Number of protein chains: 2
Amino acid sequence: MKKIDILKKLRSSGLRPTKQRVEIARFLFEREKTFHFTVESLNKFFEKKTTSKIALATIYNTVHAFKNAGHLSEVEVRGKKTYFDTNVSNHHHFYDSDTSELIDIDANDVIIQKIPKAPNGKKIKNIEVFINLKN
Amino acid sequence: MKKIDILKKLRSSGLRPTKQRVEIARFLFEREKTFHFTVESLNKFFEKKTTSKIALATIYNTVHAFKNAGHLSEVEVRGKKTYFDTNVSNHHHFYDSDTSELIDIDANDVIIQKIPKAPNGKKIKNIEVFINLKN
DNA sequence: TTTTCACTTTAGAATCATTATAAACTAAAA
DNA sequence: TTTTAGTTTATAATGATTCTAAAGTGAAAA
């Protein structure tokens, strides 16, 4: 992902490109593959990089702005922490509760044949398939 | 559900049948249909019944014992509160984020035709289909 | 029956993730 | 420059959950 795209992501999220936000955005989006993270894991990463300490509140704010702009999705995982995904396309997940690891499943790798119709005046927004793993 | 079954549920969860636990168990299991609840909703119910006030910690302990014994399941819902379900059979859910309401979907009403195979030495424990609703 | 002892309940404290706050900081525009 | 709106930050507040320690309860032994 090019620098200009990073700036575009920030602008489209209503965020000025400050030093902290650019760092967060680069860490999230300058990679080959999409990935999953929690605010805690992001925070740990920036704590290790002694060059740049970013306040927890800034990480929360920035991540939420990206999420609201549609640049991040939130994954349905039982538990305390919120998992985010830089893959915002429609897709599904494996979840390994032993390692707390999420693995993406491409939307094309799941075909659902039969689905009940939505109740009383409601419509289906989206369908998430969650496959729990064991050893 | 008969009284003896209530006692059975308690015993099989490793719980002595105390007054508080019997009350909780009866509220959860003495009904025609299964239902969803949170610890908060249970607590509110017992607060209203002025005859019997049950400490929050007791509710948490009892609910967890039932869950560990397999008499309750925990539903995958994004958000702070934990949702429990007295339906412990394999099934799926609609979720209405407007009302925070969960609706059961019978396992037979969802047919999945294609599924990716589990990664590296892992097996599939179970599959949860979660259908988000909108208006 | 009384005693014992393990199990329970309870209120309140502690914890953990997250959100809010308010003061100090930054930077673009007037 | 000065202004002004937007930012970062440390810390406080919140809310769900878990822990703790003291007081309560009850089944079974003596």
Side-chain angles (χ1 to χ4, degrees), chain A residues 6-7 9-27 36-47 49-69 72-85 100 102, chain B residues 6-7 9-27 36-47 49-69 72-85 100 102:
Chain A
I6 291 292
L7 297 181
K9 278 222 166 26
L10 285 165
R11 272 197 295 275
S12 62
S13 307
L15 300 176
R16 280 190 192 170
T18 64
K19 187 163 66 72
Q20 293 88 337
R21 286 167 176 171
V22 169
E23 265 208 78
I24 294 172
R26 292 186 61 188
F27 180 70
H36 304 100
F37 64 93
T38 63
V39 167
E40 189 194 21
S41 70
L42 273 193
N43 190 231
K44 274 195 183 128
F45 173 79
F46 289 114
E47 272 177 352
K49 293 187 66 189
T50 41
T51 45
S52 60
K53 194 176 127 219
I54 301 180
L56 196 55
T58 301
I59 297 176
Y60 271 104
N61 291 338
T62 306
V63 164
H64 281 145
F66 283 142
K67 191 204 148 193
N68 292 336
L72 291 175
S73 62
E74 204 178 316
V75 186
E76 215 70 58
V77 184
R78 174 162 49 212
K80 301 187 184 182
K81 279 174 223 152
T82 302
Y83 283 75
F84 294 94
D85 194 340
S100 298
L102 278 170
Chain B
I6 291 293
L7 296 181
K9 277 220 164 29
L10 285 165
R11 272 197 296 275
S12 62
S13 307
L15 298 176
R16 281 189 192 169
T18 64
K19 188 164 65 75
Q20 292 87 338
R21 287 167 176 170
V22 170
E23 265 209 78
I24 294 171
R26 291 186 62 188
F27 180 69
H36 304 101
F37 64 93
T38 63
V39 167
E40 188 194 21
S41 72
L42 275 193
N43 189 231
K44 274 195 184 129
F45 174 77
F46 289 113
E47 272 177 350
K49 292 186 66 191
T50 41
T51 44
S52 60
K53 195 176 124 217
I54 300 180
L56 197 53
T58 300
I59 297 176
Y60 271 103
N61 292 339
T62 306
V63 165
H64 282 146
F66 283 143
K67 192 204 147 192
N68 293 334
L72 291 174
S73 62
E74 203 179 316
V75 187
E76 215 70 58
V77 183
R78 179 162 47 214
K80 303 188 182 181
K81 280 174 224 152
T82 302
Y83 283 76
F84 295 94
D85 194 340
S100 299
L102 278 170

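Being a predicted model, the structure only gives us computed values, none of them experimental. Naming convention: chains lettered A, B, ... in sequence-line order (proteins, then strands); numbering from 1 in each chain.
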* To do: Please name all residues satisfying side-chain hydrogen bond (donor to acceptor under 3.5 Å, both in side chains) with Lys80(B), sequence neighbours left out, ordered by chain then number.
  => none
* **Residues Lys44(B) and Glu40(B) bridged, charged N to O under 4.0 Å** => yes
* NZ of Lys19(A) versus C1' of dT7(D): gap in Å, rounded? -> 12 Å
* To do: Using the test side chain to side chain contact (heavy atoms under 4.5 Å, CB included), find all partners of Ala69(B) that sit at least two apart in sequence or belong to another chain.
  => Ser13(B), His71(B)
* Who passes ring pair (Phe, Tyr, Trp, His ring centres under 6.0 Å) against Phe45(B), sequence neighbours left out? -> Phe27(B)
* **Nearest-angstrom distance from the residue atom NZ of Lys81(A) to P of dT15(C)** => 17 Å
* Under 4.0 Å between a side-chain N/O of Lys53(B) and OP1 or OP2 of dA11(C), yes or no? -> yes
* Residues two or more places apart in sequence or in another chain: which of them pass salt bridge (charged side-chain N to carboxylate O under 4.0 Å, His left out) with Arg16(A)? -> none
* Footprint string (nucleotides 19-30 of chain C, 5' to 3'): B base within contact, S backbone only, - free, heavy atoms under 4.0 Å -> BB----------
* **Below 4.0 Å: OP1/OP2 of dT9(D) and any side-chain N or O of Gln20(A)** => yes
* Asked: If each of Thr58(A) and Thr82(B) is mapped to the nucleotide of DNA chain D with the nearest heavy atom, which maps nearer the 5' terminus, i.e. the 5' end?
  -> Thr58(A)
* Going by number, which of residues 36-44 of chain B have a non-hydrogen atom under 4.0 Å from DNA chain D? -> none
* Structure fact -> Per nearest nucleotide of DNA chain C, the residue lying toward the 5' end, Tyr83(A) or Thr18(B), is Thr18(B)
* Got a sec, which residues hit salt bridge (charged side-chain N to carboxylate O under 4.0 Å, His left out) with Glu74(A), two or more places apart in sequence or on another chain? -> Lys67(A)
* **Atom pair distance, as rounded to whole Å: CZ in Arg21(B) and P in dC7(C)** => 11 Å
* side chain to side chain contact (heavy atoms under 4.5 Å, CB included) between His64(A) and Phe84(A): does it pass, once the steps are laid out? -> CA-CA 10 Å; His64(A) 281 145; Phe84(A) 294 94; 4.3 Å; yes
* Asked: Taking atom P of dG26(D) as reference, at what distance in whole Å does atom CG of Leu15(B) sit?
  -> 16 Å
* Sequence neighbours excluded, which residues qualify as side-chain hydrogen bond (donor to acceptor under 3.5 Å, both in side chains) partners of Asn61(A)? -> none
* To do: Rounded off to whole Å, could you give me the CZ-to-P distance for the Phe46(A) and dA10(D) pair?
  => 15 Å
* Nearest-Å distance, CZ (Arg11(A)) to P (dT7(D))? -> 13 Å
* **All side-chain hydrogen bond (donor to acceptor under 3.5 Å, both in side chains) counterparts of Asn43(A), not counting sequence neighbours** => none
* Asked: Given atom CD1 of Ile59(A) and atom C1' of dA10(D), what is their separation to the nearest angstrom?
  -> 14 Å
